[in-house]
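Starting from 1, each residue takes its place in the sequence as its number.
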Amino acid sequence: MKLKNLFQLKSVCDIPVFLAPMAGVTDYAFREICRRQGADMTYSEMISAKGLKYNSKRTFELADVHGDEKIAIQLFGRDPQDIGYAITLLEDKQGENVRCFDINMGCPAPKIVNNGEGAALMKEPLLAAKIVEKAKKSTALPITVKFRKGFDAFDCNYLQFARIIQQAGADAITIHGRLRDQFYSGKADWKCIEEVKSILHIPVIANGDVFSPEDARQIQKQTGADGIMVARGATGNPFLFRQIKQYLQTGSYSKIDLTEKAETMLLQAELCSAVKGEQRAMRELRKHMAWYLKGIRKAAVWKQQALGLTSIGELKELIKQVVISSTLLG
Ligand SMILES: Cc1cc2nc3c(=O)[nH]c(=O)nc-3n(C[C@H](O)[C@H](O)[C@H](O)COP(=O)(O)O)c2cc1C
């Protein structure tokens, strides 16, 4: 089945482009910004199935959806029952706003892996399959799995793992072409994505090192993947989605000017503030501001000032100074 149809996307492009799940990054405000820039589907931050079971307020907050967004909710956990419970609960709560549930089997963080969750599940393919089977029984929505090339050089089992996940009933998979022990270092291996694509009949989403429209075209061409997922390339640059779409359709794309960057940064702050309150939003937005400011003249100075911001008013003032200074300095 085509990815577009699986997720009921209205994309004009045949190859949908997704905003990846990123803990601490893909909150509502950033998802909404990326959606407005053309992301066909956006993912929540990873959400602990156990946290939902134990009624953690913070965990529930991560699963909050707003307005008319329709997102992929990503869950992590190693207990099939917990995953099933989380899916039933969240579908009940916000079914209308959920396009699919994704299971995280690629997170490399020690605090996750040491609990046997995330990428650790690549070492337990049979348990991984049970999780997918339980997830499938818990909802009629699509179930997808995101995993890596393998755990380490000794456990580089992406082909076997992909087959098992498909066999267990997953509707699509995303593969990030790195081993767990590489974390985010080195270069993503797109060849393994190509190999997985060639053996599966369910859609495959390619992930890893897409930082430009040219990268997007190249990863699609090389792997034959059905969709493209972007993570770090979108931080401070949500315009990448629009540029990728433009490039895939026309072979060229327009550059982004500072004014649009400034307006987008402000809009993200306003969206974030509306949901989380101004003070918390300004704290959480610091890293986003640093990403937006990357490459701008005097970026180090502006970043330092951004650290002290406590209100949208102060942010507006800072943005005004950045724009004036950059215009004057050229
Ligand atoms: C800050 C950060 C947080 C991330 N959090 C998650 C997460 O919650 N779930 C997940 O599956 N992957 C997570 N990832 C991995 C990304 O989704 C993606 O697989 C990886 O960054 C490779 O894609 P990229 O080269 O486009 O960045 C995270 C990555 C980063 C940089």
| Side-chain heavy-atom pair Val25, Glu45 within 4.5 angstrom cut-off | no
| Lys/Arg N to Asp/Glu carboxylate O, Glu96 vs Lys70, below 4.0 Å | no
| request: Using modelled atom types only, decide if a donor and an acceptor are shared between the side chain of Thr26 and the backbone of Tyr43 within a distance under 3.5 Å. | output: yes
| said: How about CD on Gln8, more than 12 heavy atoms from neighbouring residues, nucleotides or ligands closer than 6.0 Å, or not? | reply: no
| Ion pair present between Asp68 and Arg35, side-chain N to carboxylate O less than 4.0 angstrom? | yes
| request: Kindly assign one of parallel, tilted or perpendicular to the pair Phe7 and Phe18, based on the angle between their ring planes and the thresholds 30° and 60°. | output: perpendicular
| If you measure from the Lys or Arg side-chain nitrogens to the Asp or Glu carboxylate oxygens, is any gap between Lys53 and Asp82 under 4.0 Å? | yes
| task | Could you tell me whether the side chain of Leu9 reaches within less than 4.5 Å of the side chain of Leu3, counting heavy atoms only? | result | no
| field | Any side-chain heavy-atom pair of Ile228 and Asp215 under 4.5 Å | value | no
| query | Between the side chains of Gln279 and Thr310, does any donor sit under 3.5 Å from an acceptor? | reply | no
| query | Less than 4.5 Å apart, any side-chain heavy atom of Leu19 and any of Met229? | reply | no
| query | In this structure, which one of Cys192, Pro108, Cys156 forms a side chain to side chain contact (heavy atoms under 4.5 Å, CB included) with Leu179? | reply | Cys156
| said: Salt bridge check, Arg280 against Glu61: does any charged N sit closer than 4.0 Å to a carboxylate O? | reply: yes
| Of the non-hydrogen atoms in Gly208 and Ile219, which two are nearest, and what is the gap between them? | O-CD1, 3.9 Å
| request: Give a yes or no on whether Gln304 atom CD has more than 12 heavy-atom contacts from other residues, nucleotides or ligands under 6.0 Å away. | output: no
| said: Once rounded to the nearest 0.5 Å, what's the spacing between atom CG of Leu159 and atom CG of Leu200? | reply: 8.5 Å
| request: Run the numbers on Ile71 and Arg31 for side chain to side chain contact (heavy atoms under 4.5 Å, CB included), then give the verdict. | output: CA-CA 9 Å; Ile71 66 169; Arg31 291 196 303 263; 3.8 Å; yes
| query | Is it true that Glu260 and Arg242 have a side-chain N and a carboxylate O under 4.0 angstrom from each other? | reply | yes
| field | Interatomic distance, Lys50 atom NZ to Tyr54 atom OH [nearest 0.5 angstrom] | value | 6.0 Å
| request: Measure across Leu6 and Pro142 and return the closest heavy-atom pair with its distance rounded to 0.1 Å. | output: O-CG, 3.6 Å
| field | Crowding at CD, Gln167 (>12 non-hydrogen neighbours, <6.0 Å) | value | no
| CA sep, side-chain torsions, deciding dist, call: Leu52, Phe60, side chain to side chain contact (heavy atoms under 4.5 Å, CB included) | CA-CA 6 Å; Leu52 294 173; Phe60 269 99; 3.9 Å; yes
| field | Common cluster, Ile173/Phe76, ILVMFWY with side-chain heavy-atom separation under 4.5 Å | value | no
| field | Pair Arg178 + Asp209: basic N to acidic O under 4.0 Å | value | yes
| task | Kindly indicate, with the supporting measurements, whether the criterion salt bridge (Lys or Arg N to Asp or Glu O under 4.0 Å) is fulfilled by Lys245 and Asp40. | result | CA-CA 10 Å; Lys245 294 286 193 63; Asp40 292 295; 3.2 Å; yes
| message | Quick check: is Ile143 connected to Ile164 through a chain of hydrophobic side chains (ILVMFWY, heavy atoms under 4.5 Å apart)? | response | no
| About how many Å separate CD of Glu69 and CD of Glu32, when rounded to the nearest 0.5 Å? | 6.5 Å
| What is the minimum heavy-atom distance between Pro238 and Tyr292, and which atoms define it? | CG-OH, 3.6 Å
| Are the side chains of Tyr184 and Arg232 in touch, meaning some heavy atoms are under 4.5 Å apart? | yes
| request: List the steps and the verdict of side chain to side chain contact (heavy atoms under 4.5 Å, CB included) for Ser325 and Lys298. | output: CA-CA 9 Å; Ser325 154; Lys298 288 175 52 186; 4.1 Å; yes
| remark: Result for side chain to side chain contact (heavy atoms under 4.5 Å, CB included) between Gln74 and one of Asn104, Thr174, Thr144, Ile47 points to Asn104
| query | Does the pair Asp171/Lys136 count as a salt bridge with the N-to-O cut at 4.0 Å? | reply | yes
| Donor + acceptor pair across side chains of Gln268, Thr264 (<3.5 Å) | no
| query | Under 4.5 Å between side-chain heavy atoms, hopping through other hydrophobics if needed: is there a path connecting Leu315 to Leu258? | reply | yes
| N-O pairing of Lys2 and Asp226 below 4.0 Å | no
| request: Taking all non-hydrogen atoms of both residues into account, name the closest pair between Trp302 and Arg297 and its distance. | output: NE1-O, 3.1 Å
| task | Taking all heavy atoms of Gly77 and all of Leu121, pick out the closest pair and write down the distance. | result | O-CD1, 3.6 Å
| message | With a 6.0 Å cut-off (strictly less than), is the heavy-atom count around NZ of Lys303, excluding the residue itself, greater than 12? | response | yes
| Atom pair CG/OG1 of Leu240 and Thr235 - distance to nearest 0.5 Å | 10.0 Å
| request: Decide yes or no on ring-ring contact (aromatic ring centres under 6.0 Å, His included) for Phe147 and Tyr158, but give the supporting numbers first. | output: CA-CA 8 Å; Phe147 58 91; Tyr158 55 94; 8.6 Å; no
| Distance in Å, Ile244 CD1 paired with Phe239 CZ, rounded so as to fall on 0.5 Å steps | 13.5 Å
| query | Honestly curious: do Leu267 and Ile312 fall in one hydrophobic cluster under the side-chain, below-4.5 Å linking rule? | reply | yes
| said: Between Met41 and Arg99, is there a side-chain heavy-atom distance shorter than 4.5 Å? | reply: yes
| query | Is any NZ, NE, NH1 or NH2 atom of the basic residue among Glu194 and Lys197 found under 4.0 Å from an Asp or Glu carboxylate oxygen of the other? | reply | no
| Check against side chain to side chain contact (heavy atoms under 4.5 Å, CB included), Met1 and Ile202 | CA-CA 7 Å; Met1 182 192 271; Ile202 56 173; over 6 Å; no
| query | Pick from Ser212, Pro213, Ser252: which one makes a side chain to side chain contact (heavy atoms under 4.5 Å, CB included) with Gln243? | reply | Pro213
| task | Go through the steps to decide whether Asp79 and Lys130 satisfy the test salt bridge (Lys or Arg N to Asp or Glu O under 4.0 Å), and finish with yes or no. | result | CA-CA 9 Å; Asp79 182 337; Lys130 284 200 180 114; over 6 Å; no
| task | Taking the side chain as every heavy atom from C-beta outward, state whether Lys316 and Leu266 have any atom pair closer than 4.5 Å. | result | yes
| Distance-minimising heavy-atom pair for Gly150 and Asn157 | CA-OD1, 3.9 Å
| same_hphob_cluster(Ile165, Phe151) at 4.5 Å side-chain heavy-atom cutoff | no
| note | dist Asp189:CG -> Ile175:CD1 (nearest 0.5 Å) comes out at 8.5 Å
| query | Is there a side-chain contact between Pro125 and Gln160, using heavy atoms and a 4.5 Å cut-off? | reply | yes
